[in-house]
Amino acid sequence: MTFSQVQITAEQLLREAKERELELLPPPPKQKITDEEELNDYKLKKRKGFEDNIRKNRTVISNWIKYAQWEESLKEIQRARSIYERALDVDHRNITLWLKYAEMEMKSRQVNHARNIWDRAITILPRVNQFWYKYTYMEEMLGNVAGCRQVFERWMEWEPEEQAWHSYINFELRYKEVDKGRTIYERYILLFNWIKYARFEEKHGYIAHGRKVYERAVEFFGEDHVDENLFVAFAKFEETQKEFERVRVIYKYALDRIPKHQAQELFKYYTMFEKKFGDRRGIEDVIVSKRRFQYEEEVKANPHNYDAWFDYLRLVENDADPDTVREVYERAIANMPPIQEKRHWKRYIYLWINYALYEELEVKDPERTRQVYQASLDLIPHKKFTFAKMWLLYAQFEIRQKNLQGARRVMGTAIGKCPKNKLLKGYIELELQLREFDRCRKLYEKYLEFSPENCTTWIKFAELETILGDTERARGIFELAIGQPRLDMPEVLWKSYIDFEIEQEEYGNTRNLYKRLLQRTQHVKVWISYAKFELSIDSPDRLQKCRQIFEEANKSLRNCEEKEERLMLLESWSDFEKEFGSDSTMERVRKLLPEKVKKRRKLTAEDGSDAGWEEYYDYIFPEDAANQPNLKLLAMAKMWKRQQVVEPTEEDAENAPMDAESHRLLLFDVFWSDRMRQRDDRLLLCVSGQSFPHICNKHTRQTVRF
């Protein structure tokens, strides 16, 4: 049994069949019919085709419609009617079928047949509004107004959508039957909108009837189901009739009964009305009362919503008298946070601050402002937390009142009750602005007794003494600072001390500082900074001193675990030699630079399970390579690989096989002896699989496997 070399799958067959379906077929030739016999044959053929399609799938209504429309095009109305009837027997709920059937009868001017079809359609499918619209339109076009009204009445019994009622009303209005339209509206308002009924009366000039409709609507809905839009429309109606007092009464009546969160539009139109026809005071009262009521609702719902209190106070400050504002402030500050935690008090304390600023700046009552500050400070639980901002604002207020002793008393009380960094800083800045340097010294001493680990305070204290010209005191402060057993930022403190000595051009002291710092830490940045310092000094031996520092740093960092630090030092040294050194010194530094190699290490998860391997880069320095014989083996392998890449000359070609063979055997002897000495299976795997592919693949496959 033989198979064809070219196999065709079922998928390929289906795809080709689908592609051939999409190919455009040539149109059929045009057929000319010359006599009645040919016409009958053509009709028979077409009818047979339609009947076959219907027989294959009776439920496809489009086939029935095409068949009936073809018969209609031949003026075979009786046959088309028969086809539609047969189709309705298959699917009598198909809307398109009924519409096509009725349209055919209307085109053929068969009015009674069309009425019969519409009657059957609306009886079977009374909720299809399209049938009713078409039926009423046909009767109206035929001038059968009574018949059209009768169809509308039958339709309204089903309580259709709002647009159907409007169609009925518009039909009556087209024939000037306003009373009949009013009668329809009386039935309409029980289901839908009272406002349209009132507008209907207003449009036809029945103002009293329109007002009566609005009043009936208000009574109908009552106070439990008050509609905002109804009152807005009622007010607009009265505004059109120039009844402004009635409009104002309607708006006030509605605002008293509708919840304010549902009366946004009502407030909006009331405001617009007052802007048009009211005075300035009335407009402001409307706006303020609206917003005030909103804020009252918010603070009533949540008394601890301090943001709502802020907005409320901002509103009353702009409009109300001081007594009203004070009343709101007193209500606001009465809502203390329920928990004595600072995060809950941060928003609340600003109520007191705003209250004090209002009394000072707006009312200009210093005594009451002082009372507000004292009351707020008495309220804060200083043993748990405090607010330095409050103390500082109180002290600044006393200074503005030219009460310096009072300000100092306030700050002294603050530091005595609750010493805090921000308080001490603020007090020192206050005395600095007053140029009271002796007080500043005392405050710095207090500050350092409170927080001796704060390096920023030590630096600021020393800077103050430097500005005052007392360098010995500044140096003494720095010495005390670096002698502290615990500091938050020691590196910043040492840098400031070194910069201070450099500014004073005390280079000997600076060197001593660097040496003392290097006794505490061997950080590479300290060494580099020390070298740059020596390089910056204008002296004949500055290059020699800088180079000596780099050498000492290199010796010191040999045993450092972070090889990146030593690499950073050597790179800085290399940059120095490139700029100031010779070729020999540059070569010397270059030999000290490490080699970057890629390694793998095993990862362990927190639960002790194996987490896989990761690659990392390691730096191998020359002295490290000398202590590891395996690295020499890798170097020899790389050298051999580079030699293999070089293309041999014609003289070497004759001896090439022998030399390559002996070289491979030599490398293998070295490799095997190293393996027996180290017994490192991981290194053997790495070297045999990566560094010596030719050895493993060609000459030593069996030996290595053994």
Side-chain angles (χ1 to χ4, degrees), residues 59 61 64-65 68 81 84-107 110-201 203-204 209-210 212-214 216-217 219-222 225 227 229-230 233:
T59 59
I61 301 301
W64 293 96
I65 293 174
R81 191 178 290 125
Y84 276 122
E85 292 293 338
R86 289 167 58 195
L88 288 174
D89 291 338
V90 175
D91 186 5
H92 66 280
R93 303 189 69 84
N94 191 291
I95 298 172
T96 306
L97 193 60
W98 285 104
L99 292 174
K100 295 290 185 182
Y101 191 7
E103 286 175 0
M104 182 199 74
E105 297 292 358
M106 288 191 292
K107 287 179 184 177
Q110 301 292 329
V111 177
N112 290 328
H113 280 285
R115 285 196 181 107
N116 184 24
I117 294 166
W118 288 128
D119 284 332
R120 291 165 60 192
I122 62 177
T123 303
I124 296 173
L125 300 171
R127 291 295 179 186
V128 180
N129 293 330
Q130 197 172 2
F131 292 162
W132 295 99
Y133 284 121
K134 292 273 189 181
Y135 193 5
T136 55
Y137 180 73
M138 183 191 78
E139 293 292 354
E140 188 175 0
M141 290 296 102
L142 293 173
N144 186 10
V145 177
C148 183
R149 186 177 289 114
Q150 186 179 2
V151 174
F152 268 120
E153 286 295 333
R154 291 173 60 189
W155 190 6
M156 295 305 112
E157 291 176 0
W158 291 96
E159 296 183 356
E161 61 183 13
E162 188 175 358
Q163 183 58 41
W165 291 89
H166 289 302
S167 298
Y168 190 11
I169 293 167
N170 292 333
F171 162 74
E172 296 292 356
L173 292 178
R174 282 196 293 272
Y175 296 96
K176 311 299 182 183
E177 297 288 348
V178 179
D179 292 334
K180 286 186 163 93
R182 185 179 292 113
T183 305
I184 298 168
Y185 263 121
E186 289 291 338
R187 297 157 59 191
Y188 165 82
I189 58 176
L190 299 176
L191 300 173
F192 299 106
N193 201 329
W194 287 77
I195 298 174
K196 291 186 177 180
Y197 184 18
R199 288 177 180 170
F200 164 80
E201 297 289 1
K203 179 180 177 182
H204 292 86
H209 284 82
K212 187 66 176 177
V213 170
Y214 280 119
R216 286 173 56 196
E219 293 175 2
F220 177 80
F221 289 108
H225 303 87
D227 188 8
N229 296 324
L230 176 63

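Quick note: numbers below take in every heavy atom, side chains included, and nothing from hydrogens, waters or symmetry partners. Counting from 1, the numbers follow the sequence of the chain as shown.
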**Q** Can you name the closest pair of heavy atoms from Tyr188 and Asn193 and give their distance?
**A**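 Looks like CE2-O, 3.2 Å.
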**Q** Between Lys212 and Glu201, does at least one N-O distance fall below 4.0 Å, as a salt bridge requires?
**A**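 Salt bridge: no.
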**Q** Of all heavy-atom pairs between Trp194 and Arg216, which one has the smallest distance, and what is that distance?
**A**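 So the two residues come closest at CZ3-CB, 3.8 Å.
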**Q** So, taking the atom named NE2 in His166 and the one named CD1 in Ile184, what distance separates them when rounded to the nearest 0.5 Å?
**A**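 Reported value, rounded in 0.5 Å steps: 11.5 Å.
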**Q** Where is the tightest heavy-atom contact between Gly181 and Ile169, given as atom of each residue plus distance?
**A**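 That would be O-CG1, 4.4 Å.
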**Q** Heavy-atom count check: over 12 atoms from other residues, nucleotides or ligands less than 6.0 Å from Tyr137 OH?
**A**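 Count not over threshold, so no.
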**Q** Could you pull out the closest heavy-atom pair between Thr59 and Val90, with the gap in Å?
**A**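 Scanning both residues completely, I find the closest heavy atoms to be CA-CG1, 4.3 Å.
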**Q** With no hydrogens and no angle check, is any side-chain donor or acceptor of Trp98 less than 3.5 Å from a backbone partner on Arg93?
**A**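 Here the side-chain-to-backbone pair does not exist.
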**Q** Could you check whether atom CD of Gln150 has more than 12 heavy atoms from other residues, nucleotides or ligands sitting under 6.0 Å from it?
**A**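 Count not over threshold, so no.
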**Q** Assess whether atom CD of Glu161 is packed by more than 12 heavy atoms of other residues, nucleotides or ligands within 6.0 Å.
**A**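 More than 12 within 6.0 Å, yes.
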**Q** What is the distance from atom CD of Gln110 to atom CZ of Arg81, rounded to the nearest 0.5 Å?
**A**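 With rounding to 0.5 Å, CD (Gln110) is 5.5 Å from CZ (Arg81).
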**Q** With a 4.0 Å cut-off, would you call Arg187 and Glu153 a salt bridge?
**A**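 Here Arg187 pairs with Glu153 in a salt bridge, since their nearest N and O are under 4.0 Å apart.
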**Q** Between Met106 and Ala114, which heavy-atom pair has the shortest distance, and what is it?
**A**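 Of all heavy-atom pairs spanning Met106 and Ala114, the closest is CG-CB, 3.8 Å.
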**Q** Classify the ring geometry between Tyr133 and Trp155 as parallel (under 30°), tilted (30 to 60°) or perpendicular (over 60°).
**A**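 Perpendicular: the ring planes of Tyr133 and Trp155 meet at over 60°.
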**Q** Between the main-chain N or O of Trp158 and the side-chain N or O of Arg127, is there a donor-acceptor pair closer than 3.5 Å?
**A**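 At least one qualifying donor-acceptor pair exists.
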**Q** Angle between ring planes, Tyr84 versus Tyr101, binned at 30° and 60°: parallel, tilted or perpendicular?
**A**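 Rings of Tyr84 and Tyr101: parallel, as their planes differ by under 30°.
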**Q** Salt-bridge test for Glu105 and Lys134: reply yes if a basic N is under 4.0 Å from a carboxylate O, no otherwise.
**A**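 No salt bridge links Glu105 with Lys134.
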